[in-house]
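These notes are about the structure you will find just below.
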Amino acid sequence: MLIRNGAPADAERIAALHTASWRSAYAALMPADYLQGPLAEEHRAKWRARTAALSTDGCLLLAEEGGELRGFIHLDIAGDGRVHVDNLHARPDHVGTGVGHRLLCRGFAWAAAEYPGRDVSLEVLRGNDRAIAFYERQGGLRTDERPLRLAAGFTLDEIEYTWPAASVRRLAAD
């Protein structure tokens with residue numbers, strides 16, 4: 001499996017995978033009319049903008065096999081100075097195959113090299129049990145819980161996971 005940096009030309013494929021991942025993982029958590037309605041266009045607009053503005057402050061990595069996008073990770077710097085995993089998604093038919101682990105480890109390697117000594121954090125929706133179990137297997141520590149108000153007009157609960165800098169270095173070596 002090839003893991004490479006993302007580029008503006010990848011925006012549409014990333015958006016499609018992101019949408020498919022949400023529709024699969026959040027089917028019981030989000031309104032169906034949102035998942036089947038405006039979500040796809042929101043993700044297209046988001047990834048067009050993000051890939052057009054890639055900088056050294058962030059990291060976008062894609063996992064590909066046979067020219068097919070299997071997953072992606074996007075990291076940036078949070079307002080509190082921690083490295084933030086903004087997105088980590090595998091194609092729904094590739095969840096559980098190691099794509100997420102490989103991307104997370106590569107993301108940690110980027111964080112350890114570019115921002116040594118910083119913790120890494122992410123949020124996961126309460127009820128996304130498969131992702132919660134994955135992050136806990138990867139050594140993530142629950143550090144906060146809070147409501148998340150989505151622009152689509154509904155609120156869900158999210159759980160924050162944090163990896164201390166020492167864990168980030170160790171996982172980066174995997």
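The figures that follow rest on heavy atoms only: side chains count, while hydrogens, waters and symmetry mates do not. Sequential numbering from 1 along the given sequence is applied to the chain's residues.
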Requested in this report: Assess whether side-chain hydrogen bond (donor to acceptor under 3.5 Å, both in side chains) is satisfied between E160 and T143, documenting all intermediate values.
Outcome: CA-CA 6 Å; E160 177 186 84; T143 50; 2.5 Å; yes

Query raised in the report: Can you list the steps and then say if L104 with L88 is a side-chain contact (heavy atoms from CB on, under 4.5 Å)?
Result: CA-CA 8 Å; L104 189 61; L88 173 59; 4.2 Å; yes

Query - Full working for side-chain contact (heavy atoms from CB on, under 4.5 Å) between F108 and R169 - result: CA-CA 7 Å; F108 284 162; R169 284 191 310 275; over 6 Å; no

Query raised in the report: Could you go step by step and tell me if S21 and T19 meet the side-chain contact (heavy atoms from CB on, under 4.5 Å) rule?
Result: CA-CA 5 Å; S21 177; T19 300; over 6 Å; no

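For the pair S24 (side chain) and A20 (backbone), a donor-acceptor distance under 3.5 Å is absent. Not a single donor-acceptor pair under 3.5 Å links the side chain of R146 to the backbone N or O of I159. No donor-acceptor pair under 3.5 Å is formed between the side chain of R70 and the backbone N or O of A63. Side chain of D119 to main chain of A165: a donor-acceptor pair is present (N/O by atom type, distance under 3.5 Å, no hydrogens or angles).
No side-chain N or O of S121 forms a donor-acceptor pair with one of H84 less than 3.5 Å apart. Side-chain atoms of T162 and R82 form a donor-acceptor pair, as typed in the model, at a separation below 3.5 Å.
I14 and L75 fall into different hydrophobic clusters, where Ile, Leu, Val, Met, Phe, Trp and Tyr side chains are chained together by heavy-atom contacts under 4.5 Å. Both V85 and V124 are part of a single hydrophobic cluster, where members link through side-chain heavy atoms under 4.5 Å apart. When the side chains of ILVMFWY residues are joined at heavy-atom separations under 4.5 Å, either directly or via intervening members, I3 and L54 end up in two distinct hydrophobic clusters. L122 and Y26 are not part of a single hydrophobic cluster, where members link through side-chain heavy atoms under 4.5 Å apart. Residue L35 is not grouped with residue L17 when hydrophobic side chains (ILVMFWY) are merged at heavy-atom distances under 4.5 angstrom, including chains of intermediate members.
Residues P147 and T155 approach most closely at CB-CG2, 3.8 Å, considering heavy atoms. Closest approach of L69 to R91, counting heavy atoms only: O-CD, 3.2 Å. Minimum interatomic distance between A172 and A112 (heavy atoms only, all atoms of both residues): CB-CB, 4.4 Å. In terms of heavy atoms, L29 sits closest to L156 at O-CD2, 3.3 Å. Among all heavy-atom pairs drawn from T51 and A11, the shortest one is OG1-CB, 3.5 Å. Of all non-hydrogen atoms in V120 and A111, the two that sit nearest each other are CG2-CB, 3.9 Å.
Within 6.0 Å of the CZ atom in R130, the count of heavy atoms belonging to other residues, nucleotides or ligands does not exceed 12.
Ring geometry for Y135 versus Y161: interplanar angle of 30 to 60°, hence tilted. Ring-plane geometry between H18 and W22 is classed as perpendicular, the angle between the planes exceeding 60 degrees on a 0 to 90 degree scale with a lower cut at 30. Aromatic ring orientation, W47 versus F72: perpendicular (interplanar angle above 60°, classes split at 30° and 60°).
Separation of atoms CZ (R50) and NE2 (H43) is listed at 9.0 Å; rounding is to 0.5 Å. Between I132 atom CD1 and R142 atom CZ the span is 5.5 Å, to the nearest 0.5 Å. Rounded to the nearest 0.5 angstrom, L125 CG and L148 CG are separated by 6.5 Å. A distance of 9.0 Å separates CD1 in I77 from CD in E114, rounded to the nearest 0.5 Å. Here the straight-line distance linking atom CD of E158 with atom CZ of R149 works out to 13.5 Å at 0.5 Å rounding. Atoms CG and CG, from D86 and L60 in turn, are 10.5 Å apart once rounded to the nearest 0.5 Å.
When side chains are defined from C-beta on, V99 counts as touching M1, because their heavy atoms get closer than 4.5 Å. Two residues are said to be in side-chain contact when any heavy atoms from C-beta on lie closer than 4.5 Å; M30 and L150 meet this criterion.
Residue pairs meeting the side-chain hydrogen bond (donor to acceptor under 3.5 Å, both in side chains) criterion with at least one partner in residues 8-17, sequence neighbours excluded, are R4-D10, E12-R48, R13-E64.
Comment: E42 does not engage R44 in a salt bridge, judged by the lack of any side-chain N to carboxylate O separation of less than 4.0 angstrom.
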